[in-house]
Amino acid sequence: MTGRIEGNVALVTGGASGLGEAIARRFVAEGGKVLITDIDVAAGEALAVELGEAAAFARLDVTQEDQWIGAFAHIEQDHGRIDTLVNCAGITTVGSVEDLTFDALQHELDVDVGGVLLGCKHVIPLMKRTGGSVINIASMASIRARDYLAAYNAAKAGVTHMTKSIALHYAHKGYAMRCNSVHPGVILTPMLEKVMNQSETPDALYAEWVAGHPIGRLGRPEEVAALCLYLASDESSFATGAEFVLDGGSSL
């Protein structure tokens with residue numbers, strides 16, 4: 001099946017690498033038009049050039065409200081509509097309750113929770129005109145906690161429940177907008193390497209991750225992108241406020 005989202009206009013945060021990059025690539029391959037946003041300007045611009053006329057890039061720090069407003073103004077000027085928002089930008093702070101500083105916790109929440117809230121809020125004026133799908137990338141860490149991920153567990157749990165609140169708001173207002181959360185297990189991305197670099201025993205940590213997935217391996221970005229494609233398409237038109245778990249069985 002091809003062209004599953006032909007003409008769909010999407011904004012993908014954290015789109016310069018990892019999951020965001022895979023999602024942007026899949027959306028374009030299926031007929032979508034994507035505004036890639038990230039704080040990594042060089043990587044984002046390079047990806048947009050590679051993907052051709054169906055893609056563009058804009059710098060977006062998801063913690064900055066004025067930049068969100070500017071990104072949607074960019075979309076409106078170029079396309080006059082938005083059909084899909086993927087809130088993929090995020091960070092992973094390693095630290096237990098004993099190790100974690102308050103500043104580190106606040107930064108994690110600002111990016112992973114605050115950034116999602118701002119996107120879900122400021123997309124409304126444009127998306128409610130024609131309806132659409134908001135996809136929030138949460139994590140299996142919001143379902144199954146780890147002692148060394150106190151801030152990340154809290155942030156992704158917040159995204160999960162906030163998604164449900166947002167979905168109800170959209171529905172009660174009659175906006176024809178849907179909002180769902182995606183919960184990947186451990187996925188092979190550059191962010192994974194950053195987490196490993198924060199560990200004193202990266203090889204042991206990697207082995208622990210693999211062992212924690214009953215399917216026997218870590219996930220691939222393309223697998224998460226395939227699920228996001230479904231949520232961006234009309235095939236998922238009856239789904240809102242739902243948790244879509246894609247974690248190789250790790251939360252069982």
Side-chain angles (χ1 to χ4, degrees), residues 1 3-15 19-20 22-24 26-27 30-35 37 62 68 71-72 75-76 79-90 109 112-144 154-185 187 219 223-247 251:
M1 190 181 299
R4 289 168 63 188
I5 55 169
E6 191 70 36
N8 184 298
V9 178
L11 186 155
V12 179
T13 70
L19 293 183
I23 292 165
R26 187 63 191 274
F27 280 13
E30 294 288 350
K33 298 177 181 180
V34 180
L35 178 62
T37 69
V62 297
W68 270 111
F72 290 125
I75 287 267
E76 182 173 21
H79 303 287
R81 62 182 290 154
I82 184 169
D83 303 292
T84 304
L85 168 63
V86 184
N87 283 307
C88 189
L109 296 175
D112 285 12
V113 182
V116 171
L117 174 66
L118 290 174
C120 292
K121 175 180 180 178
H122 289 293
V123 75
I124 293 173
L126 187 56
M127 186 179 280
K128 72 179 183 180
R129 299 177 189 173
T130 52
S133 174
V134 175
I135 305 165
N136 295 332
I137 305 299
S139 171
M140 68 91 174
S142 68
I143 301 169
R144 183 178 180 186
K156 291 304 185 179
V159 169
T160 302
H161 217 56
M162 186 170 68
T163 295
K164 299 178 188 300
S165 178
I166 291 166
L168 286 170
H169 178 79
Y170 290 168
H172 291 164
K173 288 289 187 178
Y175 289 156
M177 295 170 60
R178 300 179 291 112
C179 187
N180 294 285
S181 57
V182 172
H183 301 254
I187 309 296
E223 293 168 318
V224 180
L227 177 54
C228 290
L229 175 66
Y230 165 72
L231 291 173
S233 75
D234 290 339
E235 299 163 24
S236 60
S237 58
F238 199 52
T240 196
E243 301 173 28
F244 287 84
V245 179
L246 187 74
D247 69 352
S251 58

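Here M162 contributes atom CE and S181 contributes atom OG; the two are 10.5 Å apart, rounded to the nearest 0.5 Å. Summarising the geometry, atom CE belonging to M177 is positioned 9.5 Å from atom OG1 belonging to T240; distances are rounded to the nearest 0.5 Å. From L227, atom CG reaches atom CG of L246 across 5.5 Å, with rounding to the nearest 0.5 Å. Once rounded to the nearest 0.5 Å, the distance linking CD1 of I137 with CG of D112 reads 11.5 Å. One finds the NZ atom of K173 at 13.0 Å from the CG atom of L168 (value rounded to the nearest 0.5 Å). Atom CZ of R4 and atom CD of E235 lie 4.0 Å apart (nearest 0.5 Å).
Counting all heavy atoms, side chain and backbone alike, A22 lies closest to A225 at O-CB, 3.5 Å. Nearest heavy-atom pair across L19 and P184 is CD1-CG, 4.3 Å. Contact detail for G119 and N87: the closest heavy-atom pair is CA-OD1, 4.2 Å. A pairwise comparison of heavy atoms in L85 and C120 identifies CD2-N, 4.1 Å as the closest pair. Nearest heavy-atom pair, A89 versus G14, reported as atom, atom and distance to 0.1 Å: CB-N, 3.6 Å. Smallest separation of non-hydrogen atoms from C179 and I166: SG-CG2, 3.8 Å.
By the 4.5 Å heavy-atom criterion applied to side chains, R178 and S236 are counted as neighbours. Side chains of M140 and K156 form no contact here, defined as non-hydrogen atoms less than 4.5 Å apart.
In terms of modelled atom types and a separation under 3.5 Å, the side chain of N180 and the main chain of G241 share a donor-acceptor contact. Using modelled atom types, no side-chain atom of S251 and backbone atom of R144 make a donor-acceptor pair closer than 3.5 Å.
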Step by step, would you call F72 with I82 a side chain to side chain contact (heavy atoms under 4.5 Å, CB included)? CA-CA 8 Å; F72 290 125; I82 184 169; 3.8 Å; yes

Could you please spell out the steps behind the side chain to side chain contact (heavy atoms under 4.5 Å, CB included) verdict for V62 and L118? CA-CA 7 Å; V62 297; L118 290 174; over 6 Å; no

Derivation of the side chain to side chain contact (heavy atoms under 4.5 Å, CB included) call for I124 and Y170: CA-CA 9 Å; I124 293 173; Y170 290 168; 3.7 Å; yes

Evaluate side chain to side chain contact (heavy atoms under 4.5 Å, CB included) for W68 paired with L11, printing each intermediate quantity in order. CA-CA 11 Å; W68 270 111; L11 186 155; 4.2 Å; yes

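By the 30° and 60° cut-offs, the orientation of the rings of Y175 relative to H169 is perpendicular.
Identified under the salt bridge (Lys or Arg N to Asp or Glu O under 4.0 Å) test for residues 223-232, with sequence neighbours left out: R217-E223, R220-E223. Here salt bridge (Lys or Arg N to Asp or Glu O under 4.0 Å) pairs that include residues 122-141, with residues two or more places apart or in two chains, are E76-R129.
Residues forming a side-chain hydrogen bond (donor to acceptor under 3.5 Å, both in side chains) with T163 (at least two apart in sequence, or on another chain): N136. Take T130 and apply the side-chain hydrogen bond (donor to acceptor under 3.5 Å, both in side chains) test, not counting sequence neighbours, and it matches no residue. Looking at residues two or more places apart in sequence or on another chain, you find a side-chain hydrogen bond (donor to acceptor under 3.5 Å, both in side chains) between R81 and D83. Scanning for side-chain hydrogen bond (donor to acceptor under 3.5 Å, both in side chains) contacts around S142 gives T160, H183, with sequence neighbours left out.
Screening T84, V34, V182, V86 for a side-chain contact (heavy atoms from CB on, under 4.5 Å) involving I23 leaves a single residue, V86.
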